[in-house]
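Notes follow the structure.
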Amino acid sequence: MKKIVSILGARPQFIKAAVLSRIIQEKNEFSEIIIHTGQHFDKNMSEVFFEEMDIPKPKYNLNINGIGHGAMTGRMLEQIEEVLMDEKPDLVVVYGDTNSTLAGALAAKKLGVQVAHVEAGLRSFNMSMPEELNRILTDRISDLLLCPTITALSNLKAEGFDNFDAKVVLTGDIMGDSVAYYGSLSPERSAIIEKLSLDNRKFILATIHRQENTDDPKVLGAILQALNDISSEALVVLPLHPRTRAMMEKFALSFKGLAIDPVGYFDMLQLLKYCSLVITDSGGLQKEAYFNQKPCVIAREETEWIELVEAGFARIAGSYTEELKRACADYLDVVPDFDIELYGREVGTTIYDEIASLLAR
Ligand code: UDP
């Protein structure tokens, strides 16, 4: 049986990998081993997803975290290489745009192991984002580039991928599968709406965690000011990423809405179902808002998921207090019709078939 090694490290990767791992287990044609780099390590940022989403237990946990980007990527590269030399997989699968993604792809490629990149081709065109560097470099060395959108496919074509020895395919976005599958289970598996008494209450779901928003007190302060002002109209529920919590403490910034610890996926899906709108700088949450037919205010200067903005389902507001407030007020007034399908269906199966055909060669 051919062997796949999946390299995961951060919350959004667990959520995407859960879909593909389930299909790999159901089909039983390949074995899968998971390497967890340890990038996200808190119980509520990591373990909870493995438990709730039935993701196979990682065979290796490298426990690399809490250090700078260069050190983190370097240590991951070294340790992933050692594991891959022992495991000798036929394919390595990496997801998204974190340091774990880049280290995993590079370690594999240098050992001559084929690499499949799920969520290839996304670009923010902002080279100061660590994620943008990780994406570009991972794409360039991957053998199978699985693009979630036409825009992602076009980005790769514009970068000359037709001339490279790599297969570039449009698959759609795998997060649609996770929202559909786990969303059908979440009403049974989560009691968060009752626990927070949100059943009959208008509320806004917010998440903020990107480095460019958290690490500068002026920027984080401007976003929190917006959330505080909006909270007087409609309660803002804010599951706090550990980095954001640490920075709020460091800069002595306060929040007047309902701050909670990071929640598991079933809780998140229930919050998405019941909220009126989403404010976020997360990539994944922008699409999950759309899948749940909720408008989204993007607290960033740009988005990789530009089709959401073009369709009127999301609006870019940056980290400016007034822009954020205006965009929220507009969406609380008029909710768009979510009448366009943007990201495909049964994407996990398409991705699995592409991987199977690569492994059949
Ligand atoms: N998420 C979650 N609990 C939380 C916050 C986020 O389950 O408290 C999920 C969210 O629904 C989405 C994913 O984590 O699926 C997004 O991860 P994150 O925002 O960390 O990363 P990004 O998508 O920006 O790469």
Side-chain angles (χ1 to χ4, degrees), residues 8-19 39-53 55 65 94-102 117-120 122-124 126 129-135 138 148 173-183 185-186 189-190 192 195-196 204-214 236-245 257-275 278-292 294 296 298-300 302-305 308 314 343:
L8 313 179
R11 180 170 63 186
Q13 294 166 337
F14 311 143
I15 292 164
K16 289 162 204 157
V19 175
Q39 196 173 340
H40 281 170
F41 55 91
D42 290 341
K43 190 172 184 334
N44 56 14
M45 293 291 288
S46 171
E47 205 179 311
V48 66
F49 296 95
F50 283 85
E51 280 169 9
E52 285 189 346
M53 303 178 86
I55 307 169
N65 49 61
V94 294
Y95 293 83
D97 55 21
T98 68
N99 294 337
S100 307
T101 315
L102 174 60
H117 184 202
V118 177
E119 223 177 57
L122 292 179
R123 298 290 180 264
S124 64
N126 176 353
M129 276 177 83
E131 294 91 341
E132 183 77 351
L133 304 177
N134 290 337
R135 287 180 195 126
T138 302
D173 180 37
I174 196 164
M175 288 194 89
D177 291 30
S178 49
V179 170
Y181 180 77
Y182 295 100
L185 306 175
S186 63
R189 302 280 297 271
S190 160
I192 191 142
K195 209 170 93 191
L196 301 180
I204 293 170
L205 177 62
T207 73
I208 297 294
H209 76 288
R210 297 232 100 80
Q211 201 173 302
E212 61 269 27
N213 279 339
T214 56
V236 177
V237 178
L238 178 69
L240 263 184
H241 190 282
R243 172 170 41 218
T244 316
R245 184 182 286 282
L258 180 59
I260 55 176
D261 285 334
V263 294
Y265 200 50
F266 288 125
D267 284 349
M268 200 61 184
L269 289 170
Q270 286 302 101
L271 290 170
L272 277 158
K273 280 183 195 172
Y274 279 79
C275 73
V278 171
I279 305 174
T280 192
D281 61 5
S282 155
L285 209 61
Q286 292 173 40
K287 288 167 297 151
E288 287 168 335
Y290 158 78
F291 291 127
N292 283 281
K294 302 297 159 82
C296 180
I298 303 170
R300 283 181 52 196
E302 69 276 307
T303 177
E304 299 77 17
W305 306 98
L308 288 172
Y343 296 115

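Whatever order the structure lists ligands and atoms in, that order sets their numbers, starting from 1.
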Closer than 4.0 angstrom, basic N to acidic O: yes or no for Arg189 and Glu52?
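Between Glu52 and Arg189 there is no salt bridge, as every charged N stays at least 4.0 Å from the carboxylate O atoms.
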Is Arg300 salt-bridged to Glu131, going by a charged N under 4.0 Å from an acidic O?
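Between Glu131 and Arg300 there is no salt bridge, as every charged N stays at least 4.0 Å from the carboxylate O atoms.
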Which atoms form the tightest heavy-atom contact between His40 and Arg11, and what is the distance?
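Between these two residues, the closest heavy atoms are ND1-N, 2.9 Å.
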State which residues pass ring-ring contact (aromatic ring centres under 6.0 Å, His included) with Tyr290; sequence neighbours excluded, sorted by chain then number.
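Tyr290: ring-ring contact (aromatic ring centres under 6.0 Å, His included) contacts with Phe313, Tyr343.
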For ligand 1, what is the set of protein residues having any non-hydrogen atom at a distance below 4.0 Å?
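Within 4.0 Å of ligand 1, the protein residues are Arg11, Pro12, Ile15, Phe49, Met175, His209, Arg210, Pro239, Pro262, Val263, Gly264, Tyr265, Met268, Ser282, Gly283, Gly284, Leu285, Glu288.
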Take Glu288 and Leu285 through the test side chain to side chain contact (heavy atoms under 4.5 Å, CB included) and record every step on the way to the result.
CA-CA 5 Å; Glu288 287 168 335; Leu285 209 61; 3.1 Å; yes
Has the side chain of Asn213 got a donor or acceptor atom that lies under 3.5 Å from a matching backbone atom of Ala299?
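Flag set: sc Asn213 to bb Ala299 pair under 3.5 Å.
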